[in-house]
Amino acid sequence: MIIGVLSQKGGVGKTTIAVNLAATFAKSGLRVLLVDADPQGSALQWSAARDAEPLFSVVGMAKATLHRELPDIAKDYQVVVIDGAPRVNELGRAAILASDVVLIPVQPSPYDIWAAAETVRLIQEAQQFKENLKGVFVINRKIANTAIGRDVTEALGQFEDIPVLPAALHQRVIYAESAGQGLSVLEVEPKGEAAREVASLAKLLMTKQEKRKAA
Ligand SMILES: Nc1ncnc2c1ncn2[C@@H]1O[C@H](COP(=O)(O)OP(=O)(O)O)[C@@H](O)[C@H]1O
Ligand SMILES: [Mg+2]
């Protein structure tokens, strides 16, 4: 399975979600590759900051030809997670075309909802070439029991083909703190709330993919 974590907007949590998902899949025993498709190289920096043994491989591939090159490399892995680049449409398009599932992080903010429209448009464009490409939203930095938290799910309902996954990540300092040491939340606090919510997201993505394969 190739999961593209993508949004045309920066700062929504692509890298945070990509490294933590990759770590969670790897800890569950899967062979995982994390592709840094952002020229900024944040996932590579995360990996360079790490002293601990690597849980998975990280490669930099910020290329408009990613969709052509990745299938061959992906064969050696059970899960590939792409950390996408914001803004640059050629890179976004290549990453979307390379993916089986595109995960779009959205923060509970009107700016993120407006920006989501652009990523959705790229997905719809790509679906003309790749019919079974799937897009899903994940709410990131959710703050419990706020009106804006509820509004965001409602506002995303306008994108009919792209469901909001029932597995949100909340606003938690551990996401930033763990990244500084090149670690995942799962390694810093294996039984913490953050590790649990990332595990729920990983499980949901895996189940959805298995169901699709069976269909
Ligand atoms: N759920 C979260 N809780 C707290 N901080 C977060 C969360 N998700 C992301 N961040 C922080 O927000 C900033 C942007 O996240 P990042 O993953 O780099 O976004 P992107 O890759 O989309 O640009 C980083 O400083 C990151 O640590
Ligand atoms: Mg990033």
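Counting starts at 1 for both ligands and their atoms, in listed order.
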*Checking side-chain contact (heavy atoms from CB on, under 4.5 Å) against Phe137, which of Val120, Thr119, Thr153 comes through?*
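Of Val120, Thr119, Thr153, side-chain contact (heavy atoms from CB on, under 4.5 Å) with Phe137 is met by Val120 alone.
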*Apply side chain to side chain contact (heavy atoms under 4.5 Å, CB included) to the pair Leu103 and Leu165, showing each step before the final yes or no.*
CA-CA 9 Å; Leu103 182 61; Leu165 290 179; 3.9 Å; yes
*In Å and rounded to the nearest 0.5 Å, what is the OG1 to CZ distance from Thr24 to Phe56?*
9.0 Å
*How far does CG of Leu169 sit from CG of Leu201, to the nearest 0.5 angstrom?*
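Reported to 0.5 Å precision, the distance equals 6.0 Å.
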_Hphob cluster co-occupancy, Leu205 + Val81, side-chain heavy atoms under 4.5 angstrom_ = yes
For ligand 1, find out whether one of its N or O atoms is nearer than 3.5 Å to an N or O atom of [X].
X: Gly11; answer: yes
X: Lys9; answer: no
X: Asp83; answer: no
X: Tyr175; answer: no

What protein heavy atom is closest to [atom], reported as residue, atom name and distance in Å?
atom: atom 18 (O) of ligand 1; result: Thr15 CB, 4.1 Å
atom: atom 26 (C) of ligand 1; result: Thr16 OG1, 3.7 Å
atom: atom 11 (C) of ligand 1; result: Arg141 NH1, 3.6 Å
atom: atom 8 (N) of ligand 1; result: Asn140 ND2, 3.0 Å
atom: atom 25 (O) of ligand 1; result: Ala176 CB, 5.0 Å

*Taking everything shown except Gln171 itself, do over 12 heavy atoms lie less than 6.0 Å from its CD?*
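Yes, CD of Gln171 has more than 12 neighbouring heavy atoms, counting only those of other groups under 6.0 Å.
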*Within a radius of less than 6.0 Å around NZ of Lys208, do more than 12 heavy atoms belonging to other residues, nucleotides or ligands occur?*
no
Against heavy atoms of [X], which atoms of ligand 1 measure under 4.0 Å?
X: Val12; value: 19 (O), 20 (P), 22 (O)
X: His170; value: 1 (N), 2 (C), 3 (N)
X: Gly13; value: 15 (O), 16 (P), 17 (O), 19 (O), 20 (P), 22 (O)

_ligand 1 versus Arg172: contacting region, heavy-atom distance under 4.0 Å_ = backbone
_Under 4.0 Å, heavy-atom basis, I'd like to know which part of Asp38 is in contact with ligand 1: side chain, backbone, both or neither._
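For Asp38, no heavy atom sits under 4.0 Å from ligand 1.
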Just checking, any donor-acceptor pair under 3.5 angstrom between side chains of [X] and [Y]?
X: Gln124; Y: Arg121; value: no
X: Glu193; Y: His170; value: no
X: Ser200; Y: Glu197; value: no

*If you measure from the Lys or Arg side-chain nitrogens to the Asp or Glu carboxylate oxygens, is any gap between Glu189 and Arg172 under 4.0 Å?*
no
*Compute the minimum heavy-atom distance from Lys142 to ligand 1 and say whether it is under 4.0 Å.*
no
_N, O or S of Thr15 under 2.8 Å from the Mg ion (ligand 2)_ =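 Here the distance criterion (N, O or S atom, under 2.8 Å) is met by Thr15, so yes.
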*For atom 2 (C) of ligand 1, state whether the nearest protein heavy atom is under 4.0 Å away.*
yes
_Please report whether atom 23 (O) of ligand 1 has a protein non-hydrogen atom at a separation of less than 4.0 Å._
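It does; a protein heavy atom is within 4.0 Å.
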